[in-house]
Amino acid sequence: MTTPITIALKRLPHGANLPLPAYATHGAAGMDVVSAEDKILAPGERAAVATGFAIAIPEGYEVQVRPRSGLALKHGVTCLNTPGTIDSDYRGEVKIILANLGTEPFVIARGERIAQLVPAPVQRAVLDEVDNLDDTVRGTGGFGSTGR
Ligand SMILES: O=c1ccn([C@H]2C[C@H](O)[C@@H](COP(=O)(O)OP(=O)(O)OP(=O)(O)O)O2)c(=O)[nH]1
Ligand SMILES: [Mg+2]
């Protein structure tokens, strides 16, 4: 396991008494994050769910917001923009964009785990505009060009 990075976290007033994001097991890749609000998501509905905290990620890193597979499989509830991106310069409240793709209303209780956070290094690029790209076997083929 690599050395963990440190992410500053500021608890917001409505995040009082909530558990902070935490790893559920020794080898968990993501820190489970809980909802700061009670909410009911109707089938087909989406919402930005409050977490009650803001963070300052070290430059060169991002935090990815990923769905929990149990909510996806059992209830059809997922992060609509998965993986969500938390930028290192974002200082607003972290929100979880949940969508209910299931057939039943999904009841979220304050304190319930709704997503997971995975920090990741960010590779930046510079673009080099050219007139021609090098040839490859694939060429312009894509979107199923190699068969099903
Ligand atoms: O699941 C998410 C995704 C984003 N954000 C916050 C943090 C992120 O840094 C900011 C912007 O996200 P993104 O770049 O994905 O959205 P955008 O539509 O491009 O907005 P912006 O113009 O603010 O960059 O919104 C969240 O709290 N949760
Ligand atoms: Mg953006």
Side-chain angles (χ1 to χ4, degrees), residues 1-129 136 138 140-148:
M1 202 177 288
T2 55
T3 312
I5 59 167
T6 300
I7 297 175
L9 182 148
K10 181 183 176 185
R11 200 187 278 273
L12 303 174
H14 58 283
N17 305 319
L18 277 181
L20 295 181
Y23 295 104
T25 64
H26 179 70
M31 309 173 92
D32 289 327
V33 57
V34 306
S35 173
E37 54 184 319
D38 295 318
K39 197 168 196 77
I40 298 176
L41 269 188
E45 193 184 0
R46 63 181 183 267
V49 181
T51 62
F53 64 84
I55 55 179
I57 303 163
E59 212 172 300
Y61 292 87
E62 62 164 332
V63 166
Q64 299 179 354
V65 183
R66 300 192 195 166
R68 296 187 68 211
S69 65
L71 297 184
L73 183 62
K74 293 178 200 153
H75 305 284
V77 170
T78 188
C79 296
L80 188 56
N81 59 328
T82 188
T85 304
I86 310 296
D87 300 289
S88 64
D89 55 354
Y90 178 68
R91 297 293 177 268
E93 180 176 11
V94 172
K95 298 214 170 163
I96 311 300
I97 303 172
L98 285 186
N100 181 359
L101 307 181
T103 53
E104 303 294 328
F106 183 68
V107 179
I108 303 165
R110 187 174 192 271
E112 186 181 350
R113 294 175 296 160
I114 53 172
Q116 50 189 325
L117 305 179
V118 179
V122 169
Q123 178 66 60
R124 280 207 154 190
V126 291
L127 296 178
D128 176 22
E129 187 176 3
T136 68
R138 173 181 286 276
T140 58
F143 315 102
S145 67
T146 62
R148 198 174 157 181

Any donor-acceptor pair under 3.5 Å from [X] side chain to [Y] backbone:
| X | Y | answer |
| --- | --- | --- |
| Glu37 | Ala50 | yes |
| Glu93 | Gly52 | yes |
| Arg110 | Asp38 | no |
| Arg11 | Leu18 | yes |
| Glu45 | Ala99 | no |
| Arg46 | Asn100 | no |
| Gln116 | Val33 | no |

Side-chain heavy-atom pair [X], [Y] within 4.5 angstrom cut-off:
| X | Y | answer |
| --- | --- | --- |
| Phe106 | Ile40 | no |
| Pro21 | Leu9 | yes |
| Thr78 | Arg68 | no |
| Ile96 | Cys79 | yes |
| Thr85 | Gln64 | no |
| Val49 | Ile108 | yes |
| Leu41 | Pro105 | no |
| Leu98 | Leu80 | no |

Atom of [X], atom of [Y] and distance for their closest heavy-atom approach:
| X | Y | answer |
| --- | --- | --- |
| Gly111 | Val34 | O-CG1, 3.3 Å |
| Gly92 | Ala54 | O-CB, 3.3 Å |
| Val65 | Ala115 | CG1-CB, 4.2 Å |
| Ser35 | Ala109 | CB-O, 4.1 Å |
| Pro58 | Thr6 | CG-O, 3.3 Å |

Could you measure the distance from the [atom1] atom of [X] to the [atom2] atom of [Y]? Nearest 0.5 Å is fine.
| X | Y | atom1 | atom2 | answer |
| --- | --- | --- | --- | --- |
| Asp87 | Ile55 | CG | CD1 | 10.0 Å |
| Thr82 | Ile97 | OG1 | CD1 | 10.5 Å |
| Leu71 | Ile114 | CG | CD1 | 8.5 Å |
| Arg138 | Thr146 | CZ | OG1 | 6.0 Å |

Margin query: Tell me every residue that passes ring pair (Phe, Tyr, Trp, His ring centres under 6.0 Å) with Phe53, counting only those two or more places apart in sequence or in another chain.
Written below: none

Answer yes or no: are there more than 12 heavy-atom neighbours, outside [X] itself, under 6.0 Å from its atom [atom1]?
| X | atom1 | value |
| --- | --- | --- |
| Tyr61 | OH | no |
| Arg91 | CZ | yes |
| Asn17 | CG | no |

